[in-house]
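Report on one structure; see the data block that follows.
Quick caveat, the model's predicted, so the values are computed rather than measured. Heavy atoms only: backbone and side chains are in, while hydrogens, waters and symmetry mates are out.
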There are 2 protein chains.
Amino acid sequence: MEGTLHTQQDLDETDLAIIERVEEDFDVSLETLADELDLSKSAVHYRLNKLKDSDVIKGVSADVDPLAFGLEMVAITDVSVAHESGYSENIGEELNDLEGVERVYYTMGDVDFVVVSRVQTRDQLNDLIDQIVAVEGVNETSSKFVMQEFDADSSLVSNLTDEARQAVLDASTN
Amino acid sequence: MEGTLHTQQDLDETDLAIIERVEEDFDVSLETLADELDLSKSAVHYRLNKLKDSDVIKGVSADVDPLAFGLEMVAITDVSVAHESGYSENIGEELNDLEGVERVYYTMGDVDFVVVSRVQTRDQLNDLIDQIVAVEGVNETSSKFVMQEFDADSSLVSNLTDEARQAVLDASTN
DNA sequence: AATGAAATCGACCAGCA
DNA sequence: TGCTGGTCGATTTCATT
């Protein structure tokens, strides 16, 4: 039904408050949200649906602890590709599809891709790096171990500067 | 000695199937899950609760589209710290607390921290980099723009190698 | 956009294998 | 411990404003 573009949505302070809350913990009850925002449960639900339909909220997902699967080893691998290999989007997809690869960034600068991977053992990491090197067009790699991760706050909205937050609100009211 | 993992839970194939599903989309109904797994709704619910209680599932959260907030600019900043600054955990926390910073990795090697940040404008990025440099103990920084991100599959479980998946299952049956 | 009532679905409990 | 079936409370839907 709704063909939503990547344009900025109309969001007010109430929307931001709801998003900030459910981004942190979607298990919060409608009643709690309604009380906090002085709205009816139905109104909160209506807004949540609208946020989902407009793809401001892309989905709801369970956050799984990597350690529960023994995924204790994280590595960051810089990947440079041969210049003549042209369109690099395919390479990015291939890297991203490798098992153990968590996220791939295509960057400007001396390095072309930054690959973040998460595995159980050093052997698995070695295998993975071999697979990265084997990807057509990959030239050179350089990996470093991650000793510690900081991602306590994965919330986008609570992470906005006042300036950025205001920019979002301003985009709606005019 | 065997390098096994501290709080590894007892997980069977059914648990993995449930996790794989709700990690991708928690809005799936109990009935759908129950049908797919040939279980009763109560059984699925029982297992989900157990997974939450044991912190295999750390929480449930809404996935927000950064573009809906105009957060179109991603940068990766390598940060080196002065050697004499000793305990670097505090620096990691400080970096992570900066508004716009999405994730911080503390790494072995020539670079000490890798900082991934997400902002609306180049000005905001410049401000953020200034703040990074201003953190006590930070020595040098080097940033690169991200042109494209690949994170289509944020699911841990579907991202396990067969080997890794088997290791999880084997850890239960001992 | 928001409401209240009605239908539907999820959370919890006692009991059972 | 893992599961079942049933009950109650919460969520979703819908007509109405």
Under-3.5 Å N/O pairs linking protein and nucleotides 15-17 of chain D:
none

Strictly under 3.5 Å: I want the nitrogen or oxygen pairs between protein and nucleotides 15-17 of chain C, one per line.
none

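A salt bridge does not link B/Lys50 with B/Asp10: none of the charged nitrogens is closer than 4.0 Å to a carboxylate oxygen. With salt bridges taken as basic N to acidic carboxylate O contacts below 4.0 Å, none links B/Arg165 and A/Glu99.
What separates CZ of A/Phe26 from C1' of D/dT12 is a distance of 12 Å, to the nearest Å. Spacing between atom CD1 of B/Ile18 and atom C1' of D/dC3 amounts to 12 Å, rounded to whole angstrom units. Between the C1' atom of C/dC12 and the CG atom of B/Asn49 lies a distance of 9 Å, rounded to the nearest Å. Between the P atom of D/dT13 and the CZ atom of A/Arg47 lies a distance of 18 Å, rounded to the nearest Å. Nucleotide D/dT13 holds its C1' atom 13 Å from the CG atom of A/Leu30, rounded to whole Å. Summarising the geometry, the separation between CG on A/Leu33 and P on D/dT11 is reported as 9 Å, rounded to the nearest angstrom. Counting to the nearest Å, the P atom of D/dC3 and the CG atom of B/Leu48 are 12 Å from each other. In this entry the distance linking CG of A/Leu51 with P of D/dT12 reads 14 Å, nearest Å.
For B/Tyr106, the ring-ring contact (aromatic ring centres under 6.0 Å, His included) criterion is met by B/Phe113, not counting sequence neighbours. For B/Asp78, the side-chain hydrogen bond (donor to acceptor under 3.5 Å, both in side chains) criterion is met by no residue, not counting sequence neighbours. A search for side-chain hydrogen bond (donor to acceptor under 3.5 Å, both in side chains) contacts involving A/Asn49 returns nothing, not counting sequence neighbours. In terms of the side-chain hydrogen bond (donor to acceptor under 3.5 Å, both in side chains) criterion, residue partners of A/Glu23 (sequence neighbours excluded) are, by chain and number, A/Ser155. For A/Glu31, the side-chain hydrogen bond (donor to acceptor under 3.5 Å, both in side chains) test picks out no residue, with sequence neighbours left out.
Comparing the helix axis at one end of the helix from C/dA1-D/dT17 to C/dA17-D/dT1 with that at the other, each defined from 5 consecutive pairs, gives an inter-axis angle of 40° (nearest 10°).
Among residue pairs with one or both ends in residues 126-145 of chain B, none qualify as ring pair (Phe, Tyr, Trp, His ring centres under 6.0 Å); sequence neighbours excluded. Residue pairs satisfying the side-chain hydrogen bond (donor to acceptor under 3.5 Å, both in side chains) criterion with at least one member in residues 122-135 of chain B, sequence neighbours excluded, are listed as follows: B/Gln120-B/Gln124. Among residue pairs with one or both ends in residues 17-53 of chain B, none qualify as ring pair (Phe, Tyr, Trp, His ring centres under 6.0 Å); sequence neighbours excluded.
For B/Glu140, the CD atom counts as loosely surrounded, since its 6.0 Å shell holds 12 or fewer non-hydrogen atoms of other residues, nucleotides or ligands.
Partner B/Thr107 forms a side-chain contact (heavy atoms from CB on, under 4.5 Å) with one of B/Val79, B/Val114, B/Asp112 and no other, that one being B/Val114.
Residues A/Ser61 and A/Asp63 are in side-chain contact: their nearest non-hydrogen atoms beyond the backbone lie under 4.5 Å apart. Side-chain contact between A/Asp65 and B/Leu156 is absent, with no heavy-atom pair separated by less than 4.5 Å.
Residue order along DNA chain D, read from the 5' end via each residue's closest nucleotide, puts B/Asp12 first among B/Asp27 and B/Asp12.
Of all the residues in residues 35-46 of chain B, B/Ser40, B/Ser42, B/Ala43, B/Tyr46 reach under 4.0 Å from DNA chain D with at least one non-hydrogen atom.
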